[in-house]
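Shown next, in structure tokens, is the structure this report addresses.
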Amino acid sequence: MKASELFFPTLKEDPADAEAISHKLMVRAGLVRQLAAGLYIFLPLGQRVMDKICRIIREEMNQIGAQEITMPILHPAEIWQQTGRYDEIGDEMFRLKDRGGREMVLGMTHEEVITWLAAREIRSYRDLPQVWYQIQTKLRDEARPKSGILRTREFVMKDSYSFDKDEEWLEYNYQRHVKAYTRIFHRCGLRFYMVESDPGMMGGATAHEFMAPSGAGEDEVALCKCGYAANLELARSMVYSPNFPEAGREEVATPGVRTIAEVAAFLDVTPDLLIKSLLLITEQGEPVLAMVRGDHELQESKMARVVGSYRPAHPEEMREIAGAEAGFIGPVGLDIRKIADDSLKAGIFVTGANKDGYHIEGVVPGRDFDTGYADIRRVKPGEKCPECEHPLSLERVIEIGNIFKLGTRYSESMGARFLDEDGIERPIIMGSYGIGPARIAAATVEQLSDEKGIVWPAAISPFEAHLVLMQPADKEQAAMAAKLYGLLSAAGIEVLLDDRDIRPGAKFADAELLGCPLRLTIGKRSLAEETVEVQIRRGREEQKFPLGEAADKIAELLETL
RNA sequence: CGGGGUGUGGCUCAGCCUGGUAGAGCGCACGGUUCGGGACCGUGAGGUCGGCGGUUCAAAUCCGCCCACCCCGACCA
């Protein structure tokens, strides 16, 4: 492909509305353009990257026996009503009516459609297992699209769904997906972790996420060198037990002293001797008191698993329910549902007295108040791994893929059943497995770019080599570049020939911005020496190859990039 | 949905406080000199100043409402 014919509008300056590195670079390199919040046009270069990623995904999915299908994106509301998600999901789903007034939705995922299909076509254990997948656009009315291509309202997704007769077969298909995903992300050149994750709205039992470390990520994971890795939403840890003083239970005046830090300083104790009490109101309108140790924070997703969705109480509600304002609330004498973090099972603590300006010292959970216990605290770096007790580290990550054991949640509600070997009718056991190709692209840019621009791994680069022809007007140079282009093309290497009549500096700058793994240069020097200069984009190391050997050498080099 | 910010040629921005009829750099077109790291000189095209309404002799500028986009939070298969 000639650069003079390729549409790739590059920008010298960062776009004003971009924050994330991948967003800035993908716009600057002419890969994408934004149409509206969370809606992107993929330009030719961006399309090439997406095509390559999708091709890798197809190869690896086919490799594990998955079969590609295409499903409608426009769905009748009815199938979503059948699984109950029509009402559960809310504003995130685009809803509309057709001309006949029938309720329709735009698919944000395809469990309903694929289960509808399975319900009709799968009858016997002999029909199982099946793994079907799609690479299609999904639509979600995101509350907050952000970070360029990382979180959009319309996005392509590879989703596969497994159908099995029992848990063992599900586990088998789950593990095959783990293998396929690992290969896919390796081939795309990404650094990633597989972590335990919260099944969330997919409603299954076991789930893992594939996470690419990047500061632009929206999630955090806890990692241990023993291999323990979990999304912070459910990560566990072990915490030390502080030395508790032998204080008797006593109410103390703490006028105007509200925050943990203030109370600890006022009473001259460490924060880990305090109980932080948070008054919450559940979706049903019931008050719940959440308690964590003073040096800990509430992990909201963990709390939500215990009590369902909730919100913090308003100041008036605190007054009404606890009889005190924020900062003086505590569990003693408070007759509402209580959930304390596991770290509060034993000890002697300071708590709010439910009376403005007062705290209580010497409070013993279980003796002075009744409470339920659960792991509801947020893991902090340095806390001990629950598996091996080494210190945990935290890292920010981009979710690039996930795998869920769905079980029978969808097959039950949609009547997807089969007859087993004994002639007994049973629901199909399902799994669901997603990958976001655009996120792979963005995560790669985040992980590998440098101050000059993008650094693509060869496997997903829009072109494998960027051939800079210094002076297109020079017949000899042009002929040499054409020859090299021919040799490389014959060797199956995708080359972008920059034959534009612009200054060399601009060509080099564009080449580095686009980020093809190899930059080749043909100029006066190459003419004199019969060589081609080769720069490896990553690290920008240069070398020269004689023209005759160039194709072989370059092919060889590309294997390593 | 709550909080914050920004909307001015294609892009990045200045001008707004203190109202007087729109600028710069880059990009683009043409001519010339250049040509191995985003050149230089000259000429030129290009703007409903996000929208609507108000105040005023006069609004990019002041006031009100609305819209769009970005960031933080809530939310997130």
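Order of the sequence lines fixes the chain letters, A, B, ..., with proteins taken first and strands second; residue numbering starts at 1 for each chain. All values below were derived from every heavy atom in this structure, side-chain atoms included, with hydrogens, water molecules and symmetry-related copies excluded.
For B/G27, the OP1/OP2 oxygens have a side-chain nitrogen or oxygen of A/Lys12 closer than 4.0 Å. The shortest distance between the side-chain N/O atoms of A/Gln34 and the OP1/OP2 oxygens of B/C69 is not below 4.0 Å. A close approach under 4.0 Å does occur between a side-chain nitrogen or oxygen of A/Lys524 and OP1 or OP2 of B/G36.
Among the nucleotides B/C75, B/C26, B/C71, the one closest to any side-chain atom of A/Arg144 is B/C71. Ranking B/C75, B/G37, B/C13 by closeness to the A/Ala143 side chain, first place goes to B/C75. With B/C70, B/A74, B/G36 as the candidates, the nucleotide lying closest to the side chain of A/Asp17 is B/C70. Distance from the side chain of A/Ala36 is smallest to B/C69 among B/C69, B/G38, B/A74. For A/Gln535, counting side-chain heavy atoms from C-beta on, the closest listed nucleotide (B/C71, B/G38, B/G37) is B/G37.
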Q | Derivation of the side chain to side chain contact (heavy atoms under 4.5 Å, CB included) call for A/His110 and A/Lys138 | A | CA-CA 9 Å; A/His110 281 78; A/Lys138 316 246 164 175; 3.1 Å; yes
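For A/Arg140 and A/Phe155, the positive end is not near the middle of the six-membered ring at less than 6.0 Å and at most 45° from its axis.
Of the two residues near RNA chain B, A/Thr521 and A/Tyr310, the one whose nearest nucleotide lies more 5' is A/Thr521. If A/Gly38 and A/Pro504 are placed on RNA chain B by their nearest nucleotide, the residue sitting closer to the 5' end is A/Pro504.
A 6.0 Å sphere centred on CD of A/Glu297 holds no more than 12 heavy atoms belonging to other residues, nucleotides or ligands.
Here the separation of B/C41 from B/A24, taken at their P atoms, is 15 Å to the nearest Å. Across B/A60 and B/G25, the matching P atoms stand 23 Å from one another, rounded to whole Å.
A side-chain contact (heavy atoms from CB on, under 4.5 Å) with A/Glu111 is found for one member of A/Trp80, A/Tyr161, A/Trp116 and no other, namely A/Tyr161.
Side-chain N/O atoms of A/Gln471 and base N/O atoms of B/G36 include no donor-acceptor pair closer than 3.5 Å.
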